[in-house]
Amino acid sequence: MKLHDWIKNYRREHGLSMQALADLCGFSKAYIGILEKGINPTTQKPISPTMQTLQKIADGVGIDINDFIKILDDDQPVTIAPSPDQKLSDHDKNMVAAYNAAPDNAKQVVDLTLEPYMPVLKEDDEKAV
């Protein structure tokens with residue numbers, strides 16, 4: 001399921017207006033509208049939300065981020081952006097670009113390889129807050 005379909009379904013199933021969902025997630029009503037349409041109004045291309053956006057939605061509706069990501073289609077574009085205080089090295093940028101360009105089976109190998117380290121990354125994120 002694409003993010004825009006999930007948002008439409010979630011709002012309908014829970015009787016939420018765009019504003020109510022926006023309030024839960026810490027977004028504007030306009031941004032929820034953009035996410036629900038699934039099209040970037042500037043480029044007219046499919047939206048590619050950041051991981052931070054997905055995290056805010058998951059937190060807002062009370063879903064674990066890992067469970068939320070599993071609900072979304074494998075081909076749902078997601079932008080991996082560093083936090084404002086974090087700069088990616090050229091090597092890191094190349095690694096992210098290579099991951100994004102890789103076929104799904106290669107991504108699964110990378111995901112499985114890095115999965116044991118994810119709790120460490122999550123703990124580091126929590127310490128930064």
T50 versus T79, side-chain donor and acceptor atoms under 3.5 Å:
no
Please identify which of these residues, L72, D59, I63, meets the side-chain contact (heavy atoms from CB on, under 4.5 Å) condition with L54.
L72
Verify same cluster id: M1, V61 (apolar side-chain graph, 4.5 Å):
yes
Side chains of Q19 and D23: is there a donor and an acceptor less than 3.5 Å apart?
yes
From T42 OG1 over to I34 CD1, what is the distance, rounded to the nearest 0.5 angstrom?
7.5 Å
Decide whether N40 and Q44 meet the rule of one side-chain donor and one side-chain acceptor closer than 3.5 Å.
no
Output for pair (I47 CD1, K2 NZ), nearest 0.5 Å, gives 10.0 Å
When rounded to the nearest 0.5 angstrom, what is the spacing between OH in Y10 and CD in E36?
13.5 Å
Minimum heavy-atom separation for C25 to I57, with atom names?
SG-CA, 3.7 Å
Same apolar cluster: I71 and I7, side chain cutoff 4.5 Å
yes
Between F27 and Y31, how do the two ring planes meet: parallel, tilted or perpendicular, split at 30° and 60°?
perpendicular
State whether the number of non-hydrogen atoms from other residues, nucleotides or ligands found under 6.0 Å of K107 atom NZ is greater than 12.
yes
Does the D73 side chain pair with the main chain of D75, one donor and one acceptor, at a distance under 3.5 Å?
no
Does the side chain of Y99 pick up a donor-acceptor pair with the side chain of D111 at under 3.5 Å?
yes
Under 3.5 Å, is there a donor-acceptor pair between the side chain of T113 and the main chain of V109?
yes
On a heavy-atom basis, which atom in K29 and which in A22 lie closest, and how many Å separate them?
N-CB, 3.7 Å
To the nearest 0.5 angstrom, please state how far the CG atom of L35 sits from the CE atom of M18.
10.0 Å
Roughly how far apart are N9 CG and H4 NE2, rounded to 0.5 Å?
10.5 Å
Cluster check I39, L3: I/L/V/M/F/W/Y, side chain < 4.5 angstrom:
no
So, taking the atom named CE in M51 and the one named CD1 in I65, what distance separates them when rounded to the nearest 0.5 Å?
5.0 Å
